[in-house]
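This is the structure I want to talk about, given as structure tokens.
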Amino acid sequence: MEMEPTDTDRYDPEAIEAKWQAVWAAEGSFTVPNPEPGAASEGRSTYVLEMLPYPSGELHMGHVFNYTLGDVFTHVRRRQGYTVLRPMGYDAFGLNSENAAIKEGGHPRDITNRNIEAIRRQMKRMGWAIDWSREVSTAEPEYYRWTQWLFLRFYERGLSYRREAPVKWCPKDQTVLANEQVIDGRCERCGTEVESKSLTQWFFKITEYADQLLDEMEALESWPERVLTMQRNWIGRSEGARVIFTVDGSGEELPVFTTRPDTLFGATFFALAPEHPLISQLTAGTEHEQAVADYVRHTAARSTVERETKEKDGVFTGRYAVNPVNGEAIPIWVADYVLMEYGTGAIMAVPAHDERDHQFAERYGLEIRQVVAPAGGSASADAGAFVAHTDDEVLVNSGEFTGLTAPEGKRAITAWLDERSVGEATIGYRLRDWLLSRQRYWGCPIPVVHCDACGVVPVPDDQLPVLLPEIDDYLPKGRSPLASAEEWVAVACPSCGGEGRRETDTMDTFVDSSWYFLRYADARNDDAAWDQQIVDFWLPVKQYIGGIEHAVLHLMYARFFTKALNDMELLGFREPFSRLFTQGMIYRHGAKMSKSKGNVVSPDEAVERYGADALRLYILYMGPAEQDKEWSDAGIEGTARLVDRVWRLTLEVAARGEVDAPADGELVRAAHRTIDRVSDDILRRFQFHTPIAALFELVNEIYRVKDDPSRAGEVRVATETVLSLIQPYAPHVAEELWERLGGGRLWETAWPVADPALVASDVVEIAVQVNGKLRDRLQVPAGMAEDELIALALGSERVQAHLGEGSPRRTIVVPDRLVNVVA
RNA sequence: GCCGGGGUGGCGGAACUGGUCAGACGCGGCCGGCUUAAAACCGGCUGUCCUUCGGGACAUCUGGGUUCGACUCCCAGCCCCGGCACCA
């Protein structure tokens, strides 16, 4: 008679997950102590880090993916005997959280704290092995005190400064944005078209590190090529020359930047950006003054997007610039395709060799003079700008430089200019300084005081933190809401004691997240941002995991911070993240999961339905971690089935107790091969989906023979292997079943190592090919000699059938793998 | 335009340094078992075409090439994705 299954026999994820989560919490299982002073960071300690979440809502599947990936890696490393620092925190300040608060109606602090609680609960429900003793929130004074302290260190070194500059303004968010936060002329967060304004703002001098950010990429292991490319593109280094033209008549200098000094003899006009400060002076009192002023005004009224898309236009100033290389005076125009932000805001225009200059010259009938020609060719009739450049092109119509190749010409002309102090080799960058101030409430206050007598005065370290004042009306209104906290703003000048006013702008959230990975190492330090010995022990982060969307923003800012702090001798390393892994995004029904599209599957929903373990397995099984993936509701049922199969299998094995059957055989060999595959995939290849396929295979194999009593010993060994290998992916069910099998704490056991003798097989299958086509397969003992293999292969009937008459011309043997007979 | 990454069944993908019918594993589909029945579960089949059922031919975006042997290497092209872009 079949017995009714009892409750403890049925797989109940909710109950066992709650049980083990409680055990881990009670025992502080994943808490990692700081090292003893003087401990070397070499050897068996490591730092695994995933990008911290914004608490602007609940966790979504992208987070589940990110943190499960890190969790699997962490478990394996810990079981290999490594001490793994694996902390968690919340990027709690900033537009994300503040906008969430505005939407929900409430104070940002309350909404943020509520979201943090929800996220923490979700994280615990997923069973991630996090060291909760190091949890930080960037919006707490214990944290942002040190953000302010760091700002002051940058300020002391001239790496943060204030200046008036044209800046990008988001009219919806009512705040300025960093260049990195403007995508296609729109606000990165809300998609609103940004405007241009001239404002006095705070900047970090990241441009000073442009070359180091490029050159020190060499030190980065296994950063994805696309991330490095994006950073290179963003920094936009280009080598060229600074050439000093002069205003005809006044002699005033008009420097330009060009990457093509070899085309200097082809400059037929000169152009200034409409914002160029010299324009009014050049035209003052001339007949052109009115027309030029009108043009400048018109251009200013155009949006950035309009200016970029319409046909280039401009206006003549009536003045001329003198070309230093030949003394020629060329007309100075004002043209809207010249950008004030790049180079010097002025260009020498070479219509024959630049597409844009060519268009402009055509439109206004300006001279086009070819000075570079293809090798062996000569100056051709005008047929558009000749911009192709290969190294064998030669200079023509270029005075004493005629006949040189283009690269030679570049060097020679630059050297000629340099000798006469009218130019020099120089490098241009696309990268601009990082605009860090924001006219919003929910951020870290900038710790300076403005004093009429003393100017900008830093708040002394011992007066930190400058607490963010509690105000009711925090809504953005164009100037910082902090300005309305009058009692807070009014403060004695730390320098002279006179009347001072606090800075009312707050910092960009990316400042908070540019150093959080340092704080984790020494999260509870009340005396310093960190103890350098401790930070140097854990860091750099050995494995960083996060979304591709931070390829330029966060990842470049954090690199900049680390380099600057290293230069201040606060850190012993120059790159924060040795290895980086960027995960793909999760889609459903072909679109990114989002509330507005109604295609969201919440982690809570999936956990309730299938359990955290099935979700953890599925999220990693979907496909290669670095690619975008499509969520499938049916797909998760596959891994839920796997968990259930393992559950039923183990209970059967446990019910049998000890068995007499031998604990070796083909199934044990299969188990050892699986150990090899799983370890190699995770540790060497950083691949997380194929190990699950390997586990599916092993479980399938066990199921095929599990009812054969003579194999009960093998079945037990293989089942234990499955539990051990699945533990990083499905820690709750693995732990529960391990306990039921009579084991101790599975998460504390050593990660299994395959026995090489069991991985290798004594019988191998040899492929026999004729002319590269497979015709037969032979089972032979491993290590068979080549001539024996050839003899066997030639003896095969199938081979003979395809060989026909005559003897083979050649045979190729790959030991233990194949024989190829060439007829 | 410049830079980077890709293109494999109905779908997600596997094949790691060129070497066993390319397509593991999962999803979906088909068939069978169990069941009064259904679900669940268990087992089998599932690239295309031909077949005398032994097998054979074709097949990893397209076209060439290297090689005994190519998803993998080389050349040319097409397509998709990402970054940068009036950047001088």
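These numbers come from the heavy atoms of this one structure, side chains and all, not from hydrogens, waters or symmetry mates. Convention: sequence-line order gives letters A, B, ...; per-chain numbering from 1.
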How long is the line joining CD1 of A:Ile692 and P of B:G26, in whole Å? 12 Å
Taking syn as within 90° of 0 and anti otherwise, name the glycosidic form of B:G26. anti
A:Met784 has an atom CE; how far is it from atom P of B:U20, in whole Å? 19 Å
Side-chain N or O of A:Arg685 less than 4.0 angstrom from OP1 or OP2 on B:A15?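 A:Arg685 to B:A15 OP1/OP2: side-chain N or O found under 4.0 Å.
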Across the strands shown, which category fits A:Val338 at heavy-atom distances under 4.0 angstrom: base, sugar-phosphate, nothing? base
Over all atoms of both residues, closest heavy-atom pair of A:Val552 and A:Met556: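 Shortest heavy-atom contact: O-CB, 2.8 Å.
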P atom, B:G7 versus B:G43: distance in rounded Å?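 B:G7 and B:G43 have their P atoms separated by 34 Å.
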Chi class for B:G55: syn within 90° of 0, otherwise anti: anti
Using salt bridge (charged side-chain N to carboxylate O under 4.0 Å, His left out) as the criterion, point out the one residue from A:Glu701, A:Glu697, A:Glu666 that pairs with A:Arg673.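 Filter result, single survivor: A:Glu666.
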The side chain of A:Thr690 lies closest to which of these nucleotides: B:U20, B:A14, B:G83? B:A14
If you count heavy atoms of other groups shown closer than 6.0 angstrom to CG of A:Asp184, is the number above 12? no
Is a donor from one side chain sitting under 3.5 angstrom from an acceptor on the other, for A:Tyr364 and A:Asp313?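 Their side chains do not contain a donor-acceptor pair, so the 3.5 Å distance test is not met.
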Check every atom of B:C3, B:G19, B:C58 against the side chain of A:Lys773 and return the nucleotide holding the closest atom.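 The answer is B:C58, which lies nearest to the side chain.
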